[in-house]
J.: 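Got a structure for you, written out below as structure tokens; questions coming shortly.
Both backbone and side-chain heavy atoms feed into the values below; hydrogens, waters and symmetry mates do not. Being a predicted model, the structure only gives us computed values, none of them experimental.
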Amino acid sequence: MSNGSGITPRAQDFSAWYNDAIMRAELADYSPVRGCMVIRPNGYAIWELMQRALDDMFKATGHRNAYFPLFIPQSFLEKEAEHVEGFAPQTAVVTRGGGKELEEPLVIRPTSETIIYAMFAKWIQSYRDLPLLINQWANIVRWELRTRLFLRTTEFLWQEGHTAHVDEAEAEREARMILGLYRRFAEEWMAMPVITGIKTASEKFAGALRTYAIEALMQDNRALQAGTSHNLGQNFAKVFGVQYQTAEGGVAHVWNTSWGVSTRLIGGLVMTHGDDVGIVCPPRLAPVQVVIVPIYKTDTERAAVMEVSTTSAEMLRAAGLRVELDGREGMKPGAKYYDWEGRGVPLRLEVGPRDVGQGQVTAAQRTGGKSPIRVGELVRSVTFRLEAIQRELLERARTRCEQRTRRGVTKGELIAMMNGEGGFAFGGFCGSGECEAAIKEQTKATIRVLPDEEFRSPIAPVRCVWCEAPSVAEAVWARAY
RNA sequence: CGGGGUGUGGCGCAGUCCGGUAGCGCGCCUGGUUUGGGACCAGGAGGUCGCCGGUUCGAAUCCGGCCGCCCCGACCA
């Protein structure tokens, strides 16, 4: 759909729509390497904005960035039993280098716990060295069988935080704090509402004590795991000998956490806000927040219109906004509208002779609606409108999510819902892996999280949705990406 | 890896059954006229028809083999 002649409607084929929307916005392209994608400038710009916001949040909470190698000695990965079992099937391994067979194969990192904690062991001596709060921005390789742009590719970009703490309580606070931070990012920046909670044993990170996650509901009513935060306990510390001297003179293993979000978030953004025209960027993450389209016939009109357009662009940029002035000649205004709408630009300013004559510009919101803005109120009004769009997108997504959420579901309802239109189903859970597996078997739905208190139903379910045994926790089911 | 589909200028496709000089739309380039929701005219560039082999005077088309990609299932952020 690179010619912009239209994309598959969501209702017809959501997957096709997703691909079309990404292609039209030029966020990404398929690469010559199977399973891998190229992130194009429009897509990478969104990632850079995400990075900046997240990085600021990490720094504000005391974390520092570092960089660890892409290659991990195979033996490292194999040290933690559960970890190797979880990741070995999806690793790429380098066995040759410099024209020679390597003495020890090097795994291309599927995640960096092992190599980072090997280094932590060197750096941590005393309780005074704790907590150690590290983050790295990196690429990862996981040999996926089936890939989708942004949602699952063989190589992807992410951020992985790794921390070491004196005790379980502090590690738990860290893992929890990051989960909250992810939630804030999802809601305040991406305008994507999420449910937070803890993963069941079957969905837990390989090697973790506990895994927490934020889960969002996409427009096709499938869930997207948008971020995870793990309390790793002392599993890795014991294997890699990450020990410290306590204030009392004893020796103890540290408690680790790790947490990450990836370029998958871009897929979440697309599937949360996009419409049948294309993607819709929430203003705070829009590479172009405002596009100005000049409209004119004669040279005289052109001069006047460009004058106002240029001045407007300068004023808005001076106010810190990301503004593009579309001065392409020989392209009709309507064509430009479609072009920028497909890129998800939240606000468009049309500047024509009539506007100039009346001392105004016409503002069109990507979410719908056109209205004039007095030139004298430009910055204030544009800023206000962008904030309104940001709020509107979150509200709209939240309403959609609530409409697709059912609480206190029965077994029959769960089956019907998951094999039907989908959504989030809240219900009682006995805690057994058998029930969990049976439900997955019959509905393809998994427990996304055992939700945190804030998201739980006012009246706790009494019995397991599946087996009628007493419920030990409320669970949220959905079919997931 | 199993099931389904598909490979023809940058993109989307027709042509394949029935072999005979490779076409259409969009995009791209040049010039001109246009410009308040996808402009128009004229001229032009661009393809060893996924790859290898076979049949034939002649293959995009028929036969055999291989490969890629997309969708659906088993693994996963």
J.: Does CZ belonging to A:Arg328 count more than 12 external heavy atoms closer than 6.0 Å?
T.: yes
J.: Using the P atom as the point on both nucleotides, what is the distance between B:C69 and B:G64, in whole Å?
T.: 24 Å
J.: Specify the separation, in whole Å, of atom NZ of A:Lys332 and atom P of B:U33.
T.: 16 Å
J.: Should B:U35 form a Watson-Crick or G-U wobble pair with both distances under 3.5 Å, which nucleotide is its partner?
T.: none
J.: Mind checking if A:Phe156 touches a base, just sugar-phosphate, or nothing, with heavy atoms under 4.0 Å?
T.: base
J.: Using distance alone, with no hydrogens and no angle criterion, decide if A:Glu421 and A:Asn221 have a side-chain donor and acceptor under 3.5 Å apart.
T.: no
J.: Do A:Phe58 and A:Trp259 have ring centroids that are under 6.0 Å from one another?
T.: yes
J.: Could you check whether the side chain of A:Lys370 and the base of B:G36 have a donor-acceptor pair of N or O atoms closer than 3.5 Å, going by distance alone?
T.: no
J.: For B:A42, give the paired nucleotide (Watson-Crick: N1-N3 plus N6-O4 or O6-N4; G-U: N1-O2 and O6-N3; both under 3.5 Å), or none.
T.: B:U30
J.: Hey, is A:Tyr337 stacking on B:G37? Ring centres under 5.5 Å, planes under 30°.
T.: no
J.: If you measure only the distance, is there a donor-acceptor pair under 3.5 Å linking the side chains of A:Asn139 and A:Arg109?
T.: yes
J.: CE of A:Met23 versus P of B:G12: gap in Å, rounded?
T.: 10 Å
J.: Tell me what A:Gln90 touches on the nucleic acid: a base, only sugar-phosphate, or nothing, going by heavy atoms under 4.0 Å.
T.: sugar-phosphate
J.: Using the P atoms only, state how far B:U61 lies from B:G54, rounded to an integer number of Å.
T.: 14 Å
J.: Quick check on RNA chain B: between A:Thr263 and A:Arg148, whose nearest nucleotide comes earlier from the 5' end?
T.: A:Arg148
J.: At under 4.0 Å between heavy atoms, what does A:Thr362 touch on the DNA or RNA strands: base, sugar-phosphate, or nothing?
T.: base
J.: Whole angstroms only, please: what is the CZ-P distance between A:Arg24 and B:G27?
T.: 13 Å
J.: Within the structure shown, what part of the strands sits under 4.0 Å from A:Gly330 by heavy-atom distance: base, sugar-phosphate, or nothing?
T.: base
J.: Quote, to the nearest angstrom, the C1' distance that separates B:G37 from B:G20.
T.: 49 Å
J.: For B:C18 and B:C29, measure between their P atoms and round to the nearest Å.
T.: 44 Å
J.: Taking any heavy-atom pair under 4.0 Å as a contact, classify A:Asn19: base, sugar-phosphate, or nothing.
T.: sugar-phosphate
J.: Take atom CZ of A:Phe14 and atom C1' of B:C72, then tell me their distance rounded to the nearest Å.
T.: 17 Å
J.: Hunt down the Watson-Crick or G-U wobble partner of B:C51, both distances under 3.5 Å, from any strand shown, or write none.
T.: B:G65
J.: Given B:G73, is OP1 or OP2 found less than 4.0 Å from the side-chain N or O atoms of A:Arg146?
T.: yes
J.: A:Glu26 CD to B:G10 C1': how many Å, rounded?
T.: 12 Å
J.: Base, sugar-phosphate alone, or nothing: which one does A:Thr228 contact when heavy atoms must sit under 4.0 Å apart?
T.: nothing
J.: Is it true that A:Phe205 and A:His83 have ring centroids separated by less than 6.0 Å?
T.: yes
J.: Between B:G46 and B:G4, how far apart are the C1' atoms? Round to whole Å, please.
T.: 34 Å
J.: Please work out if A:Glu144 contacts a base, only the sugar-phosphate, or nothing of the nucleic acid, heavy-atom cut-off 4.0 Å.
T.: base
J.: Mind checking if A:Thr153 touches a base, just sugar-phosphate, or nothing, with heavy atoms under 4.0 Å?
T.: base
J.: Taking pairing as Watson-Crick or G-U wobble with both contacts under 3.5 Å, can you name the mate of B:C18, or confirm there isn't one?
T.: none
J.: For B:C41 versus B:G27, give the span between their P atoms, rounded off to a whole number of Å.
T.: 12 Å
J.: What distance, rounded to whole Å, do you find between the two C1' atoms, one in B:C67 and one in B:G53?
T.: 14 Å
J.: Assuming nearest nucleotide by heavy-atom distance, tell me which of A:Tyr30 and A:Ile295 is located more 5' along RNA chain B.
T.: A:Ile295
J.: What's the gap between B:C13 and B:G32 when it is taken at their C1' atoms, as a whole Å value?
T.: 31 Å
J.: Whole-Å distance between B:A39 C1' and A:Lys336 NZ?
T.: 13 Å
J.: Is any N or O donor-acceptor pair between the side chain of A:Asp355 and the base of B:G36 shorter than 3.5 Å?
T.: yes
J.: How close or far is atom C1' of B:A77 from atom CH2 of A:Trp47, stated in whole angstroms?
T.: 11 Å
J.: May I ask you to say what A:Arg328 touches in the nucleic acid, namely base, sugar-phosphate or nothing, with a heavy-atom cut-off under 4.0 Å?
T.: nothing
J.: Less than 4.0 Å between a side-chain N and a carboxylate O, is that true for A:Arg24 and A:Glu341?
T.: no
J.: Just checking, is any N or O donor in the side chain of A:Thr228 or A:Thr211 under 3.5 Å from an acceptor N or O on the other one?
T.: no
J.: Tell me: CG of A:Leu349 to P of B:G37, nearest whole Å?
T.: 16 Å
J.: Salt bridge between A:Arg354 and A:Glu301, side-chain N to carboxylate O under 4.0 Å?
T.: no
J.: With a 3.5 Å cut-off and heavy atoms only, can you find an N or O donor on one side and an acceptor on the other between the side chain of A:Glu341 and the base of B:G38?
T.: no
J.: Using purine N1 to pyrimidine N3 plus N6-O4 or O6-N4 for Watson-Crick, or N1-O2 and O6-N3 for G-U wobble, both under 3.5 Å, which nucleotide pairs with B:C11?
T.: B:G25
J.: Under 4.0 Å between any heavy atoms, over every strand shown, what does A:Ile140 touch: base, sugar-phosphate, or nothing? Just pick one.
T.: nothing
